[in-house]
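Just so it is clear, the values below take in all heavy atoms, side chains as well, and ignore hydrogens, waters and symmetry mates.
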Amino acid sequence: MRTPLSEVRGLGSARGGTGEFIAQRVTSVALLFLLIPFLILLVALNGEPHQRVVETIASPFVAILLVAGIAVTIVHMRVGMQVIVEDYVHAELPKFALLIGNWLFSWGVGLIAIFAVLKIAFGG
Amino acid sequence: MAETHLKAARPISPRPLSPHLSIFRPLITMVMSIVHRITGAGLYFGMALLAWWLIAAAIGPGAFDVANAFFGSWFGRLVLFGFTWAFLHHLLGGIRHLIWDTGAGYSERARNGLAWATLIGSVILTLVVWIVGYTVR
């Protein structure tokens, strides 16, 4: 006699789930503070000439706001997309391919964006 | 075989699984929930555009002009407008989820109120962000 519970017993838990659940909420609280100034900055700089954009990003508070906003967003979006993948993709191979791709895309985009801000901020 | 045991244990007539999205009348809570997920996924890919704009600015005026030709155009501005709205809708939807995490806000009145506040608030906040953005320019 096998019950539905016995089917999953012994398979082990995913372990990291609680940490990601908490990370999703902590990053969302951080974004409550970061996001609106972040968006105002993007709107204010939209379509402006290179010189002015670079000068603005190079100012310390703007650079800190951008790096913080990007880093927190990357953590948040990586966990969020993982939830979406786990909700809709159940076959093992596509699921793992998408989960790995999710990590690479998120941190790839994050690395490019953060490096760009730091390069501008440090006067490059 | 384990496989046959597993099959035998399943009920002969499987219980219905929710949600049957296609037979429900759309409710504001359900629509805002779906929009929260769609805006989240859209913002995910939108971050690549932000990375493009930033790295172009870091590379130099030549690369920046190419990016700026897109972002500075009416279409680029429209994309940024949609991006800010999606961000702010997702932000307000997130506040709703944080409230629910505390165990509050589950009454019918609260649920519907929060859902409408998310939608109306996102439009108002988007306009505020654009007005402030253009004022501080």
I need the [X] [atom1] to [Y] [atom2] distance, nearest 0.5 Å.
X: B/Thr84; Y: A/Leu42; atom1: OG1; atom2: CG; value: 9.0 Å
X: A/Tyr88; Y: B/Arg37; atom1: OH; atom2: CZ; value: 4.0 Å
X: B/Leu125; Y: A/Ile36; atom1: CG; atom2: CD1; value: 5.0 Å
X: A/Met77; Y: B/Leu43; atom1: CE; atom2: CG; value: 9.5 Å
X: B/Trp130; Y: A/Asn46; atom1: CH2; atom2: CG; value: 5.5 Å
X: B/Asn68; Y: A/Leu45; atom1: CG; atom2: CG; value: 10.0 Å

Is it the case that atom [atom1] in [X] sees more than 12 heavy atoms from other parts of the structure closer than 6.0 Å?
X: B/Trp116; atom1: CH2; answer: no
X: A/Phe115; atom1: CZ; answer: no
X: B/Tyr106; atom1: OH; answer: yes

Can you see which heavy atom on [X] is nearest to which on [Y], and at what distance?
X: B/Arg137; Y: A/Glu48; value: NH1-OE2, 2.8 Å
X: B/Phe64; Y: A/Pro49; value: CE2-C, 4.0 Å
X: A/Val43; Y: B/Gly133; value: CG1-CA, 3.9 Å

Tell me, side chain or backbone of [X] under 4.5 Å from chain A's heavy atoms, or both, or neither?
X: B/Trp53; answer: side chain
X: B/Ile55; answer: both
X: B/Ile95; answer: side chain
X: B/Phe70; answer: neither
X: B/Asp65; answer: neither

Decide whether [X] and [Y] are clustered together by the hydrophobic rule: side chain heavy atoms of Ile, Leu, Val, Met, Phe, Trp, Tyr closer than 4.5 Å, transitively.
X: A/Ile114; Y: A/Phe61; answer: no
X: B/Leu127; Y: B/Ile120; answer: yes
X: B/Ile131; Y: B/Leu78; answer: no
X: A/Ile64; Y: A/Phe38; answer: no
X: A/Val72; Y: A/Leu118; answer: no

So which part of A/Thr56 gets closer than 4.5 Å to some heavy atom of chain B, the side chain, the backbone, both or neither?
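Contact with chain B: none, neither part.
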Options [options], ranked by heavy-atom pairs under 4.5 Å with chain B, top entry:
options: A/Val54, A/Val117, A/Leu32; result: A/Leu32
options: A/Leu35, A/Ile74, A/Leu31; result: A/Leu35
options: A/Gly80, A/Ala113, A/Ala44, A/Ser28; result: A/Ala44

Of all of [options], which one pairs up most often with chain A through heavy atoms under 4.5 Å apart?
options: B/Ala48, B/Ser73, B/Gly40; result: B/Ala48
options: B/Val129, B/Val128, B/Ile59; result: B/Val129
options: B/Gly72, B/Gly60, B/Pro61; result: B/Pro61
options: B/Val136, B/Asp101, B/Val132, B/Leu50; result: B/Asp101

For the pair B/His90 and A/His76, name the ring-plane relationship: parallel under 30°, tilted 30 to 60°, perpendicular over 60°.
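Ring orientation of B/His90 relative to A/His76: perpendicular.
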Report yes if the side chains of A/Ile57 and B/Leu54 come closer than 4.5 Å at any heavy-atom pair, otherwise no.
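SC-SC contact between A/Ile57 and B/Leu54 confirmed.
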Using the side-chain contact (heavy atoms from CB on, under 4.5 Å) rule, take A/Val29 and B/Leu98 through it: C-alpha gap first, then chi angles, then the decisive distance, then the call.
CA-CA 9 Å; A/Val29 172; B/Leu98 290 173; 4.0 Å; yes
